[in-house]
Amino acid sequence: QVQLQESGGGAVQAGGSLRLSCTASGYTYSSVCMGWFRQAPGKEREGVARIYTDIGNPDYADSVKGRFTISKDNAKNTVYLQMNSLKPEDSAVYYCAWRRGLLCTNWFTYTALDATNWGRGTQVTVSS
């Protein structure tokens with residue numbers, strides 16, 4: 001069973017930076033994707049960033065393009081999300097996610113709560 005261990009998050013003022021990390025274990029598939037979703041109070045969970053563990057090909061939600069960068073370290077089975085120029089509207093619980101196949105292609109259009117492996121979530125709070 002896939003397990004995801006997150007770290008990072010916290011509280012920062014607007015314009016600041018944070019970095020999230022997510023380490024995966026318990027799988028042997030060669031082509032999977034990992035990344036983050038976020039969920040603010042009263043809102044649906046939304047895709048933030050995704051990267052394929054083999055080919056890379058990072059992609060982002062429009063709301064974070066140019067500010068967030070996702071990267072990977074295959075030797076550590078770890079992906080990182082560097083978040084710069086943070087805004088109050090970025091405040092949310094950020095969930096590391098792991099998927100395979102078509103669910104990678106549909107990262108930003110299909111939340112697939114039951115078909116995605118999730119981390120426990122980490123709180124990001126951005127104050128104005």
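Predicted model, so just to flag it, every value in this text is computed and none were measured.
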With Arg100 as the cation and Tyr29 as the aromatic partner, state whether NZ or CZ is under 6.0 Å from the six-membered ring centre and within 45° of the axis.
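Pair Arg100/Tyr29 counts as cation-pi.
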Given the ring of Trp118, does Arg45 sit roughly above its face, with NZ or CZ under 6.0 Å from the centre of the six-membered ring and within 45° of the axis?
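Yes, Arg45 sits over the ring of Trp118.
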4.5 Å side-chain heavy-atom contact, [X] and [Y]:
{"X": "Val124", "Y": "Leu18", "answer": "yes"}
{"X": "Arg38", "Y": "Asp90", "answer": "yes"}
{"X": "Asp62", "Y": "Phe108", "answer": "no"}

Just to verify, what does Tyr94 make a ring pair (Phe, Tyr, Trp, His ring centres under 6.0 Å) with, not counting sequence neighbours?
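Here no residue qualifies.
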Check whether the side chains of Asp73 and Thr78 place a donor and an acceptor atom closer than 3.5 Å, and report yes or no.
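Asp73 vs Thr78: no donor-acceptor pair found between side chains.
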Can you measure from OG1 (Thr111) to CD (Glu46) and round to the nearest 0.5 angstrom?
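It is 9.0 Å, given to the nearest 0.5 Å.
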Linking directly or through intermediates, with side-chain heavy atoms under 4.5 Å: list the remaining ILVMFWY members grouped with Ile55, chain and number order.
Tyr52
With disulfide (SG to SG under 2.5 Å) as the rule and sequence neighbours excluded, what pairs involving residues 41-128 come up?
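For residues 41-128, and leaving out neighbouring residues, the disulfide (SG to SG under 2.5 Å) pairs sorted by first residue read Cys22-Cys96, Cys33-Cys104.
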Within the distance-only criterion (no hydrogens, no angle test), does the side chain of Thr53 pair as donor or acceptor with the backbone N or O of Val32 below 3.5 angstrom?
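Looks like yes, one N/O pair under 3.5 Å.
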Phe68 and its side chain to side chain contact (heavy atoms under 4.5 Å, CB included) partner, picked from Leu86, Leu20, Asn84:
Leu86
